[in-house]
Asker: 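Handing you a structure now.
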Amino acid sequence: MNKVWTIFKREYLTRVKTKGFIIGTALTPLLIIALTIGPGLLINMKSDKVKHLSVIDMSGIVYEELVLALDDTTNSRERLYELTQVPATSINLADVKNELSQSVDNDKIDGYFIIPENIIESNKSEYYAKSVSDFDQNRIYRNAVSRIITNYRLKESNLDPKIINNLTQRIQLKTFKVEKGGEEKEDIGLSFAVTFIMVMFLYMALIMYGALVMRSVYEEKLSRVAEIILSSCKPFQLMAGKVLGIGAVGLTQYLIWAAVAGILTFYSGSMVQMFSAGAGDVPIPTIPISVLVYFVIFFIFGYMLFATLYAALGAMVNTEQDAQQLQFPVIMLIIVSFIFAFYIIRQPTSGLTHIVSLIPFFSPITMFTRISVQTPPFSEILLSIAILIATIIFLIWLAGKIFRVGILMYGKRPTLPEVFRWLRY
């Protein structure tokens with residue numbers, strides 16, 4: 001056990017003390033916060049520039065109502081939209097359009113609308129500007145004109161738009177999750193987002209830290225350092241120390257990120273309020289402590305499972321290119337389990353869900369997804385963990401046997417029959 005601890009400490013400290021680990025650990029939460037909050041702040045940031053728009057209203061229906069509809073203001077409480085009506089007929093429309101386009105090009109106006117005479121029948125209007133890539137702004141214009149025409153049609157049919165709006169209001173459906181013990185908790189689907197994010201973290205960690213183990217093994221193999229280490233310990237001890245040491249690096253990084261996420265949770269209400277005045281009423285999803293505990297458990301065991309597979313690959317290869325080619329089957333196991341997670345989110349109690357959540361190569365992601373969506377009986381969770389532990393122990397032993405022989409093999413990449421011969425030595 002002392003030798004495993006020594007290898008563990010060496011693998012852990014040599015990586016945690018590097019500048020790359022420190023910088024990556026510090027910058028990742030900042031990057032996530034920036035990517036999460038930044039776009040929302042930019043999108044919801046009000047413009048201080050008044051938009052000067054011209055309107056060619058050939059229908060005689062839209063202009064006055066459009067002035068009332070576009071009533072937003074700037075930060076300084078000025079009208080955001082200044083509209084000017086431009087008279088035109090079908091005869092001189094081309095000349096008027098050309099003149100307005102010149103005004104747009106010379107920055108005299110920001111854009112102009114063309115409301116055709118037959119808009120009631122054609123359902124078409126036009127907007128011209130230097131840039132029409134602001135989808136949110138286009139939506140505001142489209143909705144404003146659409147509401148005006150809809151209300152006009154209703155009035156022409158002797159129907160009151162207010163009565164029609166009241167009669168056709170959508171019914172809101174509130175969704176509540178019934179948790180263990182019969183407790184009811186409102187859930188508008190944000191728990192799905194939380195589950196997805198946590199599964200993504202698992203998915204990324206299994207690939208990233210597993211590949212790190214593989215690289216560490218074949219680099220030591222090429223540098224001949226492992227031959228010296230193997231002279232004083234068994235292959236099983238070496239593999240166990242490596243897998244646990246690098247896994248502890250990943251766990252340290254994730255615990256730091258989790259602490260940052262926990263601190264941000266205290267300010268989640270005010271952060272949501274920044275994006276929309278009514279967003280403060282949206283229930284913020286909370287993660288049960290049991291789910292967080294299971295996340296850590298399946299992170300550790302999932303990492304150890306795939307890290308041992310990667311370690312076995314590292315013992316067989318001699319070049320980076322060989323390593324990239326051989327790791328495809330392992331990556332496919334992770335990808336398939338990630339795909340199954342989407343199925344489990346929709347069908348958490350199906351027979352296939354029960355099966356894939358017990359298969360050790362899938363269970364780190366699939367069983368955790370089941371726990372997040374609809375927690376299965378504790379006996380199934382315990383069985384899944386027991387199968388995982390047994391598989392990990394077997395794979396570490398297997399990887400150690402491969403490494404013991406593979407460290408002495410150089411030249412071409414070994415074939416599968418050769419690897420089986422190594423296991424019989």
Asker: About how many Å separate CZ of Arg153 and NZ of Lys155, when rounded to the nearest 0.5 Å?
Answerer: 14.5 Å

Asker: May I ask you to test the Ile381-Pro376 pair for a side-chain heavy-atom distance under 4.5 Å?
Answerer: yes

Asker: About how many Å separate CG of Asp134 and OH of Tyr141, when rounded to the nearest 0.5 Å?
Answerer: 8.0 Å

Asker: Once rounded to the nearest 0.5 Å, what's the spacing between atom CZ of Phe113 and atom CG of Leu100?
Answerer: 12.5 Å

Asker: Would you confirm whether Asn106, through its side chain, and Gln102, through its main-chain N or O, come within 3.5 Å as a donor-acceptor pair?
Answerer: yes

Asker: Quick one, Tyr127 with Leu53, criterion side-chain contact (heavy atoms from CB on, under 4.5 Å). Give me CA distance, side-chain angles, the key distance, then yes/no.
Answerer: CA-CA 10 Å; Tyr127 173 67; Leu53 304 170; 3.9 Å; yes

Asker: So how far is it from Phe361 CZ to Ile387 CD1, rounded to the nearest 0.5 Å?
Answerer: 11.5 Å

Asker: Aromatic contact between Phe368 and Tyr294, with the criterion being ring centroids under 6.0 Å apart: yes or no?
Answerer: no

Asker: Is the shortest side-chain heavy-atom distance between Asp160 and Leu154 below 4.5 Å?
Answerer: no

Asker: Are any non-hydrogen side-chain atoms of Val86 and Val55 less than 4.5 angstrom apart?
Answerer: no

Asker: Would Tyr112 and Ser101 count as having a side-chain donor-acceptor pair, cut-off 3.5 Å?
Answerer: yes

Asker: With side chains defined as the heavy atoms from C-beta onward, is the minimum distance between Leu398 and Phe394 less than 4.5 Å?
Answerer: yes

Asker: Can you name the closest pair of heavy atoms from Pro116 and Ile114 and give their distance?
Answerer: CD-O, 3.5 Å

Asker: Could Arg147 and Glu65 be called an ion pair, given the rule that one side-chain N must be under 4.0 Å from one carboxylate O?
Answerer: no

Asker: Could you please spell out the steps behind the side-chain contact (heavy atoms from CB on, under 4.5 Å) verdict for Ile365 and Phe298?
Answerer: CA-CA 8 Å; Ile365 288 178; Phe298 282 100; over 6 Å; no

Asker: Does any non-hydrogen side-chain atom of Glu380 lie less than 4.5 Å from one of Arg370?
Answerer: yes

Asker: Which of these passes salt bridge (charged side-chain N to carboxylate O under 4.0 Å, His left out) with Asp110: Lys130, Lys51, Lys49?
Answerer: Lys49

Asker: Using the side-chain contact (heavy atoms from CB on, under 4.5 Å) rule, take Phe338 and Ile334 through it: C-alpha gap first, then chi angles, then the decisive distance, then the call.
Answerer: CA-CA 6 Å; Phe338 185 67; Ile334 302 174; 5.6 Å; no

Asker: Answer whether the closest heavy-atom distance between the side chains of Lys124 and Ile119 falls below 4.5 Å.
Answerer: no

Asker: In terms of heavy-atom contacts, does CD of Glu64 have more than 12 from other residues, nucleotides or ligands at under 6.0 Å?
Answerer: no

Asker: Report, as yes or no, whether the 6.0 Å neighbourhood of atom CG on Leu68 holds more than 12 heavy atoms from other residues, nucleotides or ligands.
Answerer: yes

Asker: Drop me the distance from Phe295's CZ to Ile371's CD1, to the nearest 0.5 angstrom.
Answerer: 12.0 Å

Asker: Verify whether one side chain among Thr369 and Thr366 offers a donor that lies under 3.5 Å from an acceptor in the other.
Answerer: no

Asker: From Ile335 CD1 over to Phe340 CZ, what is the distance, rounded to the nearest 0.5 angstrom?
Answerer: 13.5 Å

Asker: Would you say the side chains of Asn92 and Thr89 form a donor-acceptor pair under 3.5 Å?
Answerer: yes

Asker: So, does Ser384 use its side chain to make a donor-acceptor pair with the main chain of Ser357 at under 3.5 Å?
Answerer: yes

Asker: CD of Gln85: more than 12 outside heavy atoms within 6.0 angstrom?
Answerer: yes

Asker: Is any side-chain heavy atom of Ile140 less than 4.5 Å from a side-chain heavy atom of Leu70?
Answerer: yes

Asker: So Ile115 and Ile61, side-chain contact (heavy atoms from CB on, under 4.5 Å) or not? Walk me through it.
Answerer: CA-CA 9 Å; Ile115 310 299; Ile61 300 170; over 6 Å; no

Asker: So, do Val50 and Leu80 sit near enough that their side-chain heavy atoms are less than 4.5 Å apart?
Answerer: no

